[in-house]
Novice: 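One structure coming up, written as structure tokens, with questions to follow.
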Amino acid sequence: MESLLVQLNTCSELIAEGYSSTGNIGWLNEFCATFLDFASDLKARLPEVAPSGANLDVETIFLCLTQVVTCITHLERTISMEAPQMTRQHFLDRLDWCLRRLLVSLTQLESNVAPVKNLEDHSFVELMDLALDHLDDYMEKLAQQSNNSLHILEESFTEDTYQLASIVNHIVRHALAFANVAIKSDKKALTALCETLLTECATFHEEAGEPNSGHRKLEALSLERALYALESFLNEALLHLLFVSLIDLENTSVEKLKEALQRDPVGAQELISAFDTNMDRIQQIGVLAIAFSQDIKTKTIVRSCLASLESLDACIVPALQLPESISSSHHAEVLQEHFNQELLIFRNVIHEIIDSCSLINNYLDMLGERIHVQDRNHLKLIVQRGGVLVEHFRLPVNYSGLSEDGKRVHKDLILILRECQAVVNLDIPVDPKRIVKRLKILYSVLAKLRDLISKDNLEPESSVASAAQVPSNATRTFVRNSRSIGKRHRSFVKQTGNCSVFGPQDSLAESGHNESDLISFQITEILRLD
């Protein structure tokens with residue numbers, strides 16, 4: 001481990017040199033060579049120092065390694081186009097932060113001191129599992145004890161209820177954090193569900209001393225139902241927000257923001273506000289995508305995207321507002337390209353992990369609610385959101401999963417969606433019946449596609465499917481592949497691990513920099529987790 005710390009210290013010294021005017025391509029190559037040696041040795045040592053891999057320090061290490069590669073890529077372009085010092089400093093500051101975090105994580109791994117994971121460090125899904133596990137244990141204790149011997153475990157029951165109350169409070173914090181950026185109707189419903197959950201938890205805690213085990217069991221079941229209700233609706237709200245945010249990414253793109261600032265800086269404030277709001281939403285979508293995902297590659301790429309977007313969010317608008325000059329133009333150009341690349345990776349990885357049937361079901365709900373709406377603007381918006389489904393199946397991993405019948409219906413979907421877009425965007429008055437007719441056809445085609453996907457997913461387990469027929473629209477979840485534990489039914493990402501660390505780019509060596517003399521792109525292979 002000592003050699004790793006020495007190599008890391010050398011990398012830090014090189015970063016310090018990079019802040020000076022001597023930070024050129026030669027300097028960057030030297031840093032890349034040194035960091036590559038460090039990363040290679042680190043990969044060889046990780047199985048030894050962190051055999052389980054399920055460690056907060058290991059997750060931080062992978063995030064930092066990914067961020068270093070990302071920053072190197074854009075730092076090379078910054079140097080090549082002679083962008084101003086402030087552009088270079090943006091990436092050097094991030095590299096410096098990553099190296100310092102790597103040092104802390106390696107030191108903790110060396111000391112064999114596993115970081116204590118407090119409730120604050122748990123994700124929404126982990127907290128839900130903890131709460132449900134506590135309830136399972138509580139119910140088992142009730143089942144094992146008669147009314148006459150309940151007093152023996154009274155202290156244990158009291159401790160259980162205190163722990164459960166603390167977990168529920170943290171679950172509510174996560175849900176309310178998401179509710180703050182959710183669409184208005186979902187925010188109200190999520191707040192009400194949180195209040196119900198807190199009420200049920202308070203009642204459960206107050207009844208801890210109730211001598212009647214049957215009564216206690218009923219209170220536990222009520223609390224369990226409140227937990228499931230919140231989780232289920234949060235899944236739905238997350239999908240709603242995904243449709244809204246992905247469309248808003250187009251409506252509040254950096255390009256449109258730049259045009260608005262050049263045309264009318266004062267009038268652009270509303271667009272800037274909408275941009276900031278959508279960035280907050282993207283962060284929440286990413287946080288929950290990480291929570292629902294079990295694959296470390298997926299977690300790493302989403303974390304890296306969120307880290308990049310968070311760092312850019314604070315400086316992208318100020319960069320566009322700089323007085324016009326060659327240096328400010330280069331600065332904005334580098335940051336804008338970086339921002340767009342991270343968004344592209346983020347969109348693709350979200351589409352790769354999301355459950356296709358759930359996405360279609362959610363859109364069908366929105367379409368069904370608005371199919372008879374007379375307001376043309378509302379209809380334009382709902383048809384525009386249909387483009388998210390087109391984007392979803394444009395991803396090879398999703399399209400290739402369709403059967404031949406599914407691909408045929410998908411082609412029908414593209415055609416009818418184009419017809420819907422054409423009819424709602426006509427400048428001349430249109431008979432509402434014509435619009436409704438096409439929207440109904442769109443609904444029918446989508447329902448058929450959903451049913452085909454559900455059928456294909458059930459066929460490998462036909463015995464299970466025949467034993468319990470589940471309606472095709474019964475499961476509304478954020479990501480694909482279901483996992484049942486007892487009465488629980490959760491969907492998570494695919495277990496096959498076909499989600500690459502760098503998403504749609506496959507590797508940075510293929511991202512348009514393959515002519516570079518930098519060796520940094522070999523680091524991408526180090527980051528691939530076998």
Novice: If we ignore hydrogens and angles and just use 3.5 Å, is the side chain of N348 paired with the main-chain N or O of I345 as donor and acceptor?
Specialist: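 Flag not set: sc N348 to bb I345 has no pair under 3.5 Å.
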Novice: Which heavy atom of D186 sits nearest a heavy atom of A237, and at what distance?
Specialist: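 Answer, listing the atom of D186 first, then A237: OD2-CA, 3.5 Å.
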Novice: Hey, is the main chain of N251 close enough, under 3.5 Å, to the side chain of D248 for a donor-acceptor pair?
Specialist: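 Checking the backbone N and O of N251 against the side chain of D248, no donor-acceptor pair under 3.5 Å is found.
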Novice: What are the two closest heavy atoms between Y363 and L442, and how far apart are they?
Specialist: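 Residues Y363 and L442, closest heavy atoms: OH-CD2, 3.9 Å.
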Novice: If I take atom CE from residue M279 and atom CG from residue D313, how far apart are they, to the nearest 0.5 angstrom?
Specialist: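 Those atoms lie 6.5 Å apart.
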Novice: Got a second to check how far H134's NE2 is from M139's CE, nearest 0.5 Å?
Specialist: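 Interatomic distance, H134 NE2 to M139 CE, rounded to 0.5 Å: 15.0 Å.
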Novice: Sub-3.5 Å donor-acceptor pair from the side chain of H174 to the main-chain atoms of H122, do we have one?
Specialist: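 Yes.
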Novice: Can you give me the closest heavy-atom contact between R281 and A182, atom names plus distance?
Specialist: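 Closest approach of R281 to A182, heavy atoms only: NH2-O, 4.1 Å.
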Novice: State the CD-CG distance between Q284 and L306, to the nearest 0.5 angstrom.
Specialist: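 Going from the CD atom of Q284 to the CG atom of L306 covers 10.0 Å.
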Novice: Hey, does the side chain of S358 reach the backbone of I354 with a donor-acceptor pair shorter than 3.5 angstrom?
Specialist: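 Answer holds: no.
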Novice: Out of curiosity, L63 CG to C98 SG, how far, rounded to the nearest 0.5 Å?
Specialist: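 Taking CG in L63 and SG in C98, the distance rounds to 6.5 Å.
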Novice: Can you confirm whether the side chains of S308 and Q67 place a donor and an acceptor under 3.5 Å from each other?
Specialist: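 Yes - a donor-acceptor pair under 3.5 Å links their side chains.
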Novice: Is there a donor-acceptor contact under 3.5 Å from the side chain of E310 to the main chain of A307?
Specialist: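 Such a contact is absent between E310 side chain and A307 backbone.
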Novice: Kindly assign one of parallel, tilted or perpendicular to the pair F339 and F275, based on the angle between their ring planes and the thresholds 30° and 60°.
Specialist: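 Ring orientation, 0 to 90° scale: tilted.
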Novice: Using only atom types and a distance under 3.5 Å, with no angle test, would you say the side chain of N398 pairs donor to acceptor with the backbone of H351?
Specialist: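 It does hold such a pair.
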Novice: Report yes if the side chains of L395 and Y399 come closer than 4.5 Å at any heavy-atom pair, otherwise no.
Specialist: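 A side-chain contact under 4.5 Å is absent here.
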Novice: Do F204 and V168 pass the side chain to side chain contact (heavy atoms under 4.5 Å, CB included) test, and can you show the C-alpha distance, the side-chain angles, and the key distance before you say yes or no?
Specialist: CA-CA 12 Å; F204 176 76; V168 167; over 6 Å; no
Novice: Taking atom CG of N278 and atom CD of E250, what is their separation to the nearest 0.5 Å?
Specialist: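 Separation between the atoms: 10.5 Å.
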Novice: Can you give me the closest heavy-atom contact between T66 and S304, atom names plus distance?
Specialist: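 Closest heavy-atom pair between T66 and S304: CG2-OG, 3.4 Å.
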Novice: Can you tell if the side chain of T300 reaches within under 4.5 Å of the side chain of L65, non-hydrogen atoms only?
Specialist: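 No, side chains not in contact.
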Novice: Can you name the nearest heavy-atom pair linking E200 to S222, along with the distance?
Specialist: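 In terms of heavy atoms, the two residues are closest at OE1-CB, 3.3 Å.
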Novice: Side chain to side chain contact (heavy atoms under 4.5 Å, CB included) between K217 and L221: does it pass, once the steps are laid out?
Specialist: CA-CA 6 Å; K217 183 176 180 180; L221 289 173; 4.3 Å; yes
Novice: Can any side-chain N or O of S105 pair as donor or acceptor with the backbone N or O of R101 at less than 3.5 Å?
Specialist: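 Checked: pair present.
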Novice: Rounded to the nearest 0.5 Å, what separation is found between the CG atom of N361 and the OG atom of S356?
Specialist: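 The distance works out to 11.0 Å.
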Novice: Salt bridge check: are R100 and D96 linked by an N-O gap of less than 4.0 Å?
Specialist: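 D96 and R100: salt-bridged.
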Novice: Can you tell if the side chain of V287 reaches within under 4.5 Å of the side chain of V302, non-hydrogen atoms only?
Specialist: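 No; the side chains remain at least 4.5 Å from each other.
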Novice: Given the rule in the side chain to side chain contact (heavy atoms under 4.5 Å, CB included) test, do L99 and L103 qualify, once you have shown the distances and angles that lead to the verdict?
Specialist: CA-CA 6 Å; L99 294 180; L103 177 62; over 6 Å; no
Novice: Is the shortest distance from a Lys or Arg side-chain nitrogen in K299 or E59 to a carboxylate oxygen in the other one below 4.0 Å?
Specialist: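 No, no charged N to carboxylate O under 4.0 Å.
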Novice: Less than 4.5 Å apart, any side-chain heavy atom of V172 and any of L176?
Specialist: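 The answer is yes; the side chains approach within 4.5 Å.
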Novice: Flag the pair L389 / L417 as yes when at least one side-chain heavy-atom distance between them is below 4.5 Å, and no otherwise.
Specialist: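 No, their side chains stay 4.5 Å or more apart.
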Novice: With a 4.0 Å cut-off, would you call D451 and K448 a salt bridge?
Specialist: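 Between K448 and D451 there is no salt bridge, as every charged N stays at least 4.0 Å from the carboxylate O atoms.
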Novice: State, with a plain yes or no, whether a side-chain heavy atom of R385 is found less than 4.5 Å away from one of L381.
Specialist: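 In short, these two side chains touch, coming nearer than 4.5 Å.
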Novice: Would you name the heavy atoms of C305 and E342 that are closest together and state the gap between them?
Specialist: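 Answer, listing the atom of C305 first, then E342: CA-OE1, 3.5 Å.
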Novice: Looking at A229, is its backbone amide N or carbonyl O close enough to the side chain of S232 to form a donor-acceptor pair, meaning the two atoms are under 3.5 Å apart?
Specialist: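 Answer holds: no.
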Novice: Could you walk me through whether I350 and L246 pass the side chain to side chain contact (heavy atoms under 4.5 Å, CB included) check?
Specialist: CA-CA 11 Å; I350 292 297; L246 292 186; 5.8 Å; no
Novice: Can you check whether L249's main-chain N or O pairs, donor with acceptor, with S253's side chain at less than 3.5 Å?
Specialist: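 The answer is no, because no donor-acceptor pair under 3.5 Å joins these two groups.
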Novice: With a 4.5 Å heavy-atom cut-off, do I371 and L379 have their side chains touching?
Specialist: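 Of all side-chain heavy-atom pairs linking L379 with I371, none is under 4.5 Å.
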Novice: Can you check whether S403 reaches K407 side chain to side chain, under 4.5 Å on heavy atoms?
Specialist: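 No, every pair of side-chain atoms sits at 4.5 Å or beyond.
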Novice: So, does N235 use its side chain to make a donor-acceptor pair with the main chain of E231 at under 3.5 Å?
Specialist: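 Yes.
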